[in-house]
Amino acid sequence: MKKPANKWSLAQYMVGLLVAATLALSAVMLIYVYFFAKIAINYDIQRTVTEAAASKARYVSLKNGKLTVKDGFDEYEGSITALVINRKGEVLYGSYPEGAPEQTEIYLLHAQAVKYGGQLWYVRDRFQGRLPDPDSGKKRKVYIRTIVNKKDISSEYESMAVFAYGSILFLCGAILVIAFFFCRRIKRSMDAMCRSAESIGKDFNISKRITYEGNIYEIDVLNEANNRMLDRMEHVLKQQEQFNSDVAHELRTPVSVTLAQCEYALKHLDNLEEVDNAFHVIHRQSGKIHDIITQLLYLSRLEQGRSKLHCEEIDLQEVAESVIEEEEDILEGKLEIRKDLSPAETMGDISLIMIALQNLLSNAIKYAGGKPVEVSTGQQGDRVFICVRNHGRGIAAEELGNIFERFYKEDKSRNSEGFGLGLSIASKIMELCHGEVTAESKEGEGSQFTLWFQSLTKIVENE
């Protein structure tokens, strides 16, 4: 699928963010280096002219009321000019460089930065001593002044600033190159995932899986989550296909029998006995169809959450006794139901729990093989239970995981009694009641189904 013009790819987003972040960081670093270099250069020049003034002081003598400048006093040392002045600013020895500010006031604390003639000059004054004034005879202060034009002196910090600017630009370029490289790698992996997902959508082949060969954990987690979703969708679709097949199979027989009996009755309208038999068969098969549809509708309501819970305090012992009584009336003594009932209190919807237990009990009776069925209730830790057990042929281990699926029958011939919906309904009821149904079975020894609930005591504690 071609990417729309108004949509960005993940790689473009990442590159855009990296470029913006890099440019912002570069701007901050350049501003920092600029101000740092400015302060450092100013400090370095001030230190240089201060040291120059101190070194010149060794060659200036004021003994015996006379100014003596020794040969070591170099008036022009590099770009720095040194001279001797008095308190009035008159030059006693040396001369100002061309264009320098000659009327600068004397300041002893630190070097002055003076703007003059459109240029920046640094002036440093150092007190040297006193000399008698020729006119008044009073002693006046004498200073050594060093002066330099900023453009004529080079600071090592200027070189450092240039190096820093270059390093920042190089670092930003390197970051962008590396970002492009990694974004391309991520883009290749993401493109492969997109192609896989698009292929699944186009081919309607849900058995395919999205592949990701990158090393990014979050994308790998997302890919695994998508594949698990596809697994679930494939499982649901297979269940749906199986469900459609099962419904068609379950309804086909009674519908076919009903149609056949209708045709038979039409051919023998003059024989009331034959017509009567046909109507009995039609009635029986119609009841079977009705039961299937009723159970399917009930299961659908459970799955869609349309069955509302009416929770109340109940004793599973009383529920079990009530359901057993109903089954015993139906059995009319044909099968023994043994009871081992102890108080087991919980909270739940009594009507739904009775339906779940009825389904388990009828299922146990159906496969009991004429042997007694056992029903027990009780408490185990923080949970209470109703257990139904028979001693029939049991269920094969490989079949045990499928018994709660709709229309599932261990008897693949489908000629056995029932529709394979009872255990599905029981499972959904327990899910709705926040409980659990478990199954245990061994071939030749029988099966045991248990409904588990939180005990009433535990529920009260949690509240």
Side-chain angles (χ1 to χ4, degrees), residues 291 294-295 297-299 301-303 305-368 370-392 403-404 417-419 421-441 446-463:
D291 289 342
T294 300
Q295 291 193 52
L297 288 174
Y298 185 72
L299 184 58
R301 284 198 300 270
L302 289 174
E303 290 179 334
R306 289 187 291 156
S307 292
K308 295 183 179 180
L309 285 177
H310 302 282
C311 287
E312 57 183 311
E313 293 184 16
I314 56 174
D315 190 341
L316 298 181
Q317 179 182 4
E318 296 177 0
V319 173
E321 287 176 344
S322 176
V323 173
I324 291 170
E325 278 184 26
E326 291 181 12
E327 288 295 330
E328 285 178 335
D329 290 341
I330 296 171
L331 290 171
E332 297 178 345
K334 296 176 183 177
L335 186 73
E336 181 185 0
I337 299 178
R338 296 175 180 172
K339 298 181 287 185
D340 181 15
L341 306 178
S342 300
E345 295 183 335
T346 186
M347 291 282 292
D349 189 312
I350 190 169
S351 60
L352 289 180
I353 293 173
M354 288 183 72
I355 292 171
L357 180 56
Q358 284 169 347
N359 288 339
L360 292 188
L361 189 54
S362 62
N363 188 73
I365 292 170
K366 191 187 310 175
Y367 297 104
K371 299 177 183 178
V373 172
E374 300 168 1
V375 179
S376 60
T377 62
Q379 182 165 345
Q380 192 175 91
D382 292 332
R383 298 198 297 175
V384 291
F385 64 87
I386 304 177
C387 180
V388 179
R389 180 179 178 83
N390 69 12
H391 299 276
I403 58 177
F404 294 107
E417 186 181 351
F419 312 117
L421 292 172
L423 292 180
S424 294
I425 292 174
S427 177
K428 291 299 177 183
I429 287 174
M430 293 306 293
E431 186 179 323
L432 194 64
C433 293
H434 306 291
E436 180 187 12
V437 56
T438 59
E440 300 174 23
S441 185
S447 305
Q448 175 176 299
F449 290 86
T450 309
L451 303 178
W452 295 94
F453 305 86
Q454 271 197 332
S455 68
L456 182 61
T457 305
K458 185 66 175 178
I459 293 171
V460 172
E461 287 178 0
N462 292 336
E463 291 177 351

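Owing to the predicted nature of the structure, the values given are computational and were not obtained by experimental measurement.
The shortest non-hydrogen separation linking Ala368 to Val373 is CB-CG2, 3.8 Å. For the pair Pro372 and His391, the tightest heavy-atom approach, listed with the atom from each and the gap, is O-CD2, 3.6 Å. Across all non-hydrogen atoms, the minimal contact from Leu357 to Ala320 is CD2-CA, 3.6 Å. Ile353 approaches Gly348 most closely through the heavy-atom pair CD1-CA, 4.2 Å. Across Gln448 and Thr450, no two heavy atoms sit closer than the pair NE2-OG1, 3.8 Å. Closest non-hydrogen pair, Ile337 versus Glu327, comes out as CD1-CB, 4.1 Å.
Side-chain atoms of Asn390 and Ile365, non-hydrogen and from C-beta on, never get closer than 4.5 Å to each other. Proximity of Gln358 to Glu326: side-chain heavy atoms (C-beta onward) are separated by under 4.5 Å at one or more points. Side-chain contact check for Leu456 versus Ile314: every heavy-atom pair is 4.5 Å or farther apart. Side-chain contact between Gln454 and Met347: absent, with no pair of heavy atoms (C-beta onward) separated by less than 4.5 Å. Residues Phe385 and Thr377 are not in side-chain contact: their nearest non-hydrogen atoms beyond the backbone lie 4.5 Å or more apart. Here the side chains of Glu312 and Ile350 are in contact, with some heavy-atom distance below 4.5 Å. Side-chain contact between Ser447 and Phe449 is present, with heavy atoms from C-beta onward closer than 4.5 Å. In this structure the side chain of Leu451 reaches within 4.5 angstrom of the side chain of Leu360, judged on heavy atoms.
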message: Please evaluate residues Glu336 and Lys371 with respect to the criterion salt bridge (Lys or Arg N to Asp or Glu O under 4.0 Å), reporting the C-alpha separation (whole Å), side-chain torsions for both, the decisive distance (0.1 Å), and the verdict.
response: CA-CA 7 Å; Glu336 181 185 0; Lys371 299 177 183 178; over 6 Å; no

message: Met354 vs Ser322, test: side-chain contact (heavy atoms from CB on, under 4.5 Å). Steps then yes/no.
response: CA-CA 9 Å; Met354 288 183 72; Ser322 176; 3.5 Å; yes

CA sep, side-chain torsions, deciding dist, call: Phe453, Met430, side-chain contact (heavy atoms from CB on, under 4.5 Å): CA-CA 9 Å; Phe453 305 86; Met430 293 306 293; 3.5 Å; yes

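Distance alone, capped at 3.5 Å, is enough to place a donor-acceptor pair between the Gln379 side chain and the Gly381 backbone. Proximity of a side-chain donor or acceptor of Ser362 to a complementary backbone N or O of Asn359 within less than 3.5 Å is detected.
In this structure Glu321 satisfies the side chain to side chain contact (heavy atoms under 4.5 Å, CB included) test together with Gln317, Leu341, sequence neighbours excluded.
Rounding to the nearest 0.5 Å places NZ of Lys458 at 8.0 Å from OG of Ser455. Put simply, NZ on Lys334 and CD on Glu328 are 14.0 Å apart, with the number rounded to the nearest 0.5 Å. The line from CD of Glu374 to SG of Cys387 is 8.5 Å long, rounded to the nearest 0.5 Å.
A salt bridge does not link Arg389 to Glu440: none of the charged side-chain nitrogens sits closer than 4.0 Å to a carboxylate oxygen.
Of the candidates Leu316, Asp315, Thr457, Leu316 is the only one forming a side chain to side chain contact (heavy atoms under 4.5 Å, CB included) with Thr346.
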